[in-house]
Amino acid sequence: MANTTAVAGTPPLAMPADQPMDRRKLIAFFAMVFGMFMSILDIQIVSASLAEIQAGLSAGSDEIAWVQTSYLIAEVIMIPLSGTLARIISTRYLFSICAAGFTIASALCATATNIEQMIVYRALQGFIGGGMIPSVFAAAFTIFPPSKRSIVSPIIGLVATLAPTIGPTVGGYLSNSFSWHWLFLVNIIPGILVTAVTFTMIDFDKPQLQLMKRFDWWGLISMAVFLGSLEYVLEEGNNKDWFSDERIVVGTVFIAIGAVVFFWRAFKVEFPVVDLRAFTNANFAFGSLFSFIMGVGLYGLTYLYPLYLGRIRGYDSLMIGETMFVSGIAMFVSAPIVGRLSNIVDLRIMMAIGFGAFALGTWLMTGITADWDFWELFLPQILRGFGMMMCMVPISNIALGTLSPQRIQGASGLFNLTRNLGGAVGLAIINTILTQRTDDHYARLAEHVNYGNPAAMEWLNNVGANFNSFGLDGSSVALQRLSGMITQQAWLLSFMDVFVILTALFGSLIFFVFLIAKPARPAGGGGGH
């Protein structure tokens, strides 16, 4: 019965394997991919430059985090909603409106004169930009024949993983070389081009405006409350010491209420705001689970490496970006290799190799010291970039490759949502572990550095005498130095703890990969059946 719900205006059935590609559709698709790249890049592009934005807008340290949080909250609401909007107004209108709105919001961000304006404009940018991301995944699996997926999947996989990885690099370069305004101004000309090309070239489907009469407004409101509150609690929880803060408690209550109403509406109404029935497809359910965990690795390591380089090594945003660029190069080089392998190798084996490479990269990081620099981080980052691509392409093929075209628009939103939620959950857990373990390690280390320790006393006396000779209060300076050394070592030990946990997580996934059924080989994909 599921297929009988398809009406005129749904995405076309996948083309026969031997049909040549329409050049018009190719141009439209690559314009969509570039729009998605801008949207995902903007999640991370400000992360390395928050200090510059804070100074430029005279914002408080507790306010500046909302430049990032407002974008993420708005985006996470739009991503699952985009499938329904694409069915109502068509992919052409949805994508071109989102591209135009994203461009306008970027210009507004560059003109912000206070933190309140910036937060509103960033929320607008995140919400509108979020509509572009799932549309690309949906288009890839509806306008291309299965035989072309070995080319198309690596492209969207590369963009989805490369954009957040190089975001800090691009952001650091722009704010260092020009000013923080260019973090947003850089979107304007590409945004205008993407809007023009997508509006004139996209013709994948037709609007179904009659669906607007059945639009579930209560479902939309409850989803916004549920996902918006969830993103807020995960983003701010660790900073506010979780449930000891009243706002986190209120946010958790909103999560519960929003979730109950949202899931009730999703299964009760005829035309839900998000079609959750895609999860009845086992491959999609497993693919979404793996996507969630890839979100932990993608956003978690994009956060951990710069944190180490800034906190321990004292790097500025540009130096961090130059070091982080290694992962991006590894992804870029791996993409065509992964595309070719997806035609001839069991997708489960590719995922197992990818998870293994990721686990090996994080395991190498468990030996981290305060002296680690570019070359010590080189191999872990290569393994991370290669592992990410080896996982991302098979995951999207497994999740979306077996769905009917009528389901793909809504399902691609859910699939992308799982990656973003994985990132949010991963960052919340990583931050909590870092905070708690740093305190634990500091307390343990401090126990051994006391007045009963001859080596500690000798060090304090020597350093104190050195500073006394310069006319300073040597004993106070020596104690500060010692406290700083203990703090640094406590940080390093907590980084090691997080990398051990990530190693265990990705190592265990190697075994879970083989619990899913062997994915069918796409027609014309090569490598047999």
Side-chain angles (χ1 to χ4, degrees), residues 37-76 78 101-130 163-191 228 231-232 234-240 299 302-311 313-325 420 423-424 427-428 431:
F37 178 79
M38 289 196 304
S39 179
I40 300 178
L41 184 74
D42 259 58
I43 299 170
Q44 294 291 341
I45 199 169
V46 304
S47 63
S49 308
L50 285 174
E52 287 88 341
I53 298 173
Q54 182 180 350
L57 298 176
S58 303
S61 56
D62 57 333
E63 296 173 315
I64 197 63
W66 276 94
V67 173
Q68 193 85 317
T69 306
S70 60
Y71 187 98
L72 292 169
I73 289 174
E75 185 189 52
V76 87
M78 180 56 152
F102 181 82
T103 307
I104 293 167
S106 296
L108 289 172
C109 287
T111 62
T113 55
N114 57 55
I115 190 65
E116 291 80 12
Q117 286 179 6
M118 176 62 84
I119 290 168
V120 171
Y121 297 154
R122 279 287 283 175
L124 191 64
Q125 191 187 31
F127 184 76
I128 298 171
T165 302
I166 68 167
T169 308
V170 175
Y173 174 77
L174 289 172
S175 57
N176 269 36
S177 302
F178 305 102
S179 71
W180 65 263
H181 303 85
W182 281 92
L183 301 172
F184 309 106
L185 291 173
V186 74
N187 292 326
I188 293 177
I189 292 175
E231 187 74 40
Y232 170 76
L234 291 172
E235 277 285 310
E236 299 292 319
N238 185 61
N239 295 335
K240 300 190 185 314
Y299 291 106
T302 303
Y303 171 75
L304 277 171
Y305 281 117
L307 187 65
Y308 163 78
L309 292 168
R311 186 179 279 184
R313 300 292 299 163
Y315 280 19
D316 64 23
S317 56
L318 185 58
M319 292 165 72
I320 290 170
E322 288 168 347
T323 308
M324 291 285 290
F325 205 65
N420 279 34
L427 286 176
N431 266 322

Work out which heavy atom in Leu108 is nearest to a heavy atom in Tyr121; give both atom names and the distance.
-> O-CD1, 3.1 Å

Nearest-0.5 Å distance that lies between atom CD1 in Ile40 and atom CG in Asn420 = 8.0 Å

Would the number of heavy atoms belonging to other residues, nucleotides or ligands and lying under 6.0 Å from CZ of Phe37 be above 12?
-> yes

Partners meeting side-chain hydrogen bond (donor to acceptor under 3.5 Å, both in side chains) with Ser177 (sequence neighbours left out) | none

Relative to each other, are the rings of Trp182 and Phe178 parallel, tilted or perpendicular (30° and 60° limits)?
-> tilted

Minimum side-chain heavy-atom gap Ile188-Thr103 below 4.5 Å = yes

If we only count heavy atoms from C-beta on, is the Ser39 to Gln125 side-chain gap below 4.5 Å?
-> no

Ile128 and Phe102 have their tightest heavy-atom pair at CG2-N, 3.5 Å

Does Arg313 have any side-chain hydrogen bond (donor to acceptor under 3.5 Å, both in side chains) partners at least two apart in sequence or in another chain, and if so, which?
-> Asp373

Would you indicate whether the side-chain heavy atoms of Thr111 and Phe184 approach each other to under 4.5 Å?
-> no

Give every residue pair that meets the salt bridge (charged side-chain N to carboxylate O under 4.0 Å, His left out) criterion with at least one member in residues 101-130, sequence neighbours excluded.
-> Asp42-Arg122

Check for a donor-acceptor pair, side chain of Gln117 on one end and backbone N or O of Thr113 on the other, with a separation under 3.5 Å.
-> yes

